[in-house]
2 protein chains.
Amino acid sequence: MAVDPGTPLRADARRNRDQIIAAARTMFVAQGPDAPMEEIARAAAVGVGTLYRRFPDRETLIREVALDSFTRAMEEARASIEEEPTAWDALVRFVRYSREFRLSIHLAMISAQAGAVIRDDPTTERFRRVLLSDLDHMVKGAQAEGQVRPDIGTGDVALLFVLLMRQLPHQLDSIDGAAERCMALMLDGLRAQPGSPLPNRPITCEDLLP
Amino acid sequence: MAVDPGTPLRADARRNRDQIIAAARTMFVAQGPDAPMEEIARAAAVGVGTLYRRFPDRETLIREVALDSFTRAMEEARASIEEEPTAWDALVRFVRYSREFRLSIHLAMISAQAGAVIRDDPTTERFRRVLLSDLDHMVKGAQAEGQVRPDIGTGDVALLFVLLMRQLPHQLDSIDGAAERCMALMLDGLRAQPGSPLPNRPITCEDLLP
DNA sequence: GAGAAGCGGAAGGTAATCCTCCGCATACTC
DNA sequence: GAGTATGCGGAGGATTACCTTCCGCTTCTC
């Protein structure tokens, strides 16, 4: 029942494991981390037995998917920062185009269950913090450039995008470009024009790391 | 088993019915329209039996709660339009302070199940349309005033607030004023400053009424 | 105070999901 | 190419959550 005894996996087992993680990622985005194990297995073209052999319970699966996703998101964040000319451009690219960001934030924040699983695991939690600090870097940079209004914190940005990342209700999701338009409107809300004064104090990174 | 034979309800029965609707409303906001019947009954300080006697199934309950909520939301919309000096102020007041708006939009759009129940009932559906056209009135008015950017439609506004109306994840909901800040940021995104050009065409009222 | 109307909540039914187990299949080793 | 360890699938028992009904008791109303 132990999962990683050090001996390398057989080739087919390795392949199956990867398929399971990929399927679970897709499923978690679409249905949240409560998606039935059986459906995940089916999506991975694998029997439930195989799923349970590799990931003895749901928590393990969530943790592994999260780890995988955080890693990819971090890579995308780094690439955005390095390749885009300004911090604002990097921020836009990251929040707008990163499916991985989407899944990460979903796993890290939206579901209470998944959130707890992730926070209770030191490794995953460390990755999550690195990811948040990358986001912080972009936001602060964009503020320094004068592109983002000064009265917000990184927490505000994360919060806004947590909202946006949720699956839209079916009827609405089918409208062309709905999600893109919402995203654009939110980004405009973040920009540096005067706008209206915001209530309360900015929500910072630390607010998200209790 | 028939529910409304015309004979007026006994006083205690009437009271219980009101309590049930109130409890269901609260529950639907917090948990969505799948909230367990038993919990709704408990919140109404009533036995499940009583709940089922008055509302023979979940659909009936959803329909009645929706009807009640749409009616109140329409009243609030009318009051906003009449009492506020500008259409923009009316819009802000309505989306910002109306709990009823919150519930209505929740019921009407978010849950596929509830959405179908509502759309299949002619009365509820008519109310829903009136509500949407009130919103349309406010948005177009605010655009005419130059307060809202011209490149959006009422559907965009509805969409944005559908997102916002969702319950935030627990951890985030406890942060002071998080919801208010998100709301303010979204409203700023709607304002008339140039901002960035939006992708796709505006989403109109009609897009929401298929 | 009598009868109609209403009440509560135990209990049986149903559906969805979890997870285990074991006979069969496949990949690696020599 | 034969032998063996490793891995596979998916049926099925266990569990859980929820729905809904039913009936003996209570509360209104006249």
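This one's a predicted model, so the numbers in the text were calculated from it and none came from an experiment. To find a chain, count down the sequence lines: A is the first, B the second, and so on, and within it residues start at 1.
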At a cut-off of 3.5 Å, list every protein nitrogen or oxygen paired with a nitrogen or oxygen from nucleotides 28-30 of chain D, distance to 0.1 Å.
{"unit_1": "D/dT29", "atom_1": "OP1", "unit_2": "B/Ala11", "atom_2": "N", "d": "3.0"}

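Listed by chain and number, the residues in a salt bridge (Lys or Arg N to Asp or Glu O under 4.0 Å) with A/Arg126 amount to none (sequence neighbours excluded). The ring-ring contact (aromatic ring centres under 6.0 Å, His included) test applied to A/Phe94 returns A/Phe101, not counting sequence neighbours. Under the side-chain hydrogen bond (donor to acceptor under 3.5 Å, both in side chains) criterion, A/Thr50 pairs with no residue, sequence neighbours left out. Qualifying salt bridge (Lys or Arg N to Asp or Glu O under 4.0 Å) partners for B/Glu84, counting only residues two or more places apart in sequence or in other chains: B/Arg93. Under the side-chain hydrogen bond (donor to acceptor under 3.5 Å, both in side chains) criterion, B/Asp57 pairs with B/Thr60, not counting sequence neighbours. Qualifying salt bridge (Lys or Arg N to Asp or Glu O under 4.0 Å) partners for B/Arg42, counting only residues two or more places apart in sequence or in other chains: none. Looking at residues two or more places apart in sequence or on another chain, you find a side-chain hydrogen bond (donor to acceptor under 3.5 Å, both in side chains) between A/Glu76 and A/Ser98.
Atom CD in A/Gln19 sits roughly 16 Å away from atom P in D/dG7 (whole-Å rounding). Computed from coordinates, the B/Leu51 CG to C/dG6 P distance equals 15 Å when rounded to whole Å. In this structure, the CD1 atom of A/Ile40 is 17 Å from the P atom of D/dG10, given to the nearest Å. In this structure, CZ of B/Arg42 is placed 18 Å from P of C/dC7, rounded to the nearest angstrom. Between the P atom of C/dC7 and the CZ atom of B/Phe55 lies a distance of 11 Å, rounded to the nearest Å.
Using a cut-off of 4.0 Å between Lys/Arg side-chain N and Asp/Glu carboxylate O, A/Asp156 and A/Arg149 are scored as not salt-bridged. A salt bridge links B/Glu125 to B/Arg128: at least one charged side-chain nitrogen sits closer than 4.0 Å to a carboxylate oxygen.
Listed pair A/Asn16 / D/dC8 meets the phosphate criterion, a side-chain N or O lying under 4.0 Å from OP1 or OP2.
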Next item on the list: Would you give a per-nucleotide map of nucleotides 9-18 of chain C, 5' to 3', where B means the base has a protein non-hydrogen atom under 4.0 Å away, S means only the sugar-phosphate does, and - means neither?
Entry: B-------SS

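Each end of the helix from C/dG1-D/dC30 to C/dC30-D/dG1 gets its own rotation axis from five pairs of C1' atoms, and the angle between them is 20° to the nearest 10 degrees.
Residue pairs that meet the salt bridge (Lys or Arg N to Asp or Glu O under 4.0 Å) test with at least one member in residues 21-32 of chain A, sequence neighbours left out, are A/Arg25-A/Asp68, A/Arg25-A/Glu100. Pairs of residues two or more places apart, or lying in two chains, that qualify as salt bridge (Lys or Arg N to Asp or Glu O under 4.0 Å) and include a residue from residues 11-20 of chain A are A/Arg10-A/Asp12, A/Arg14-A/Asp18, A/Arg17-A/Glu64.
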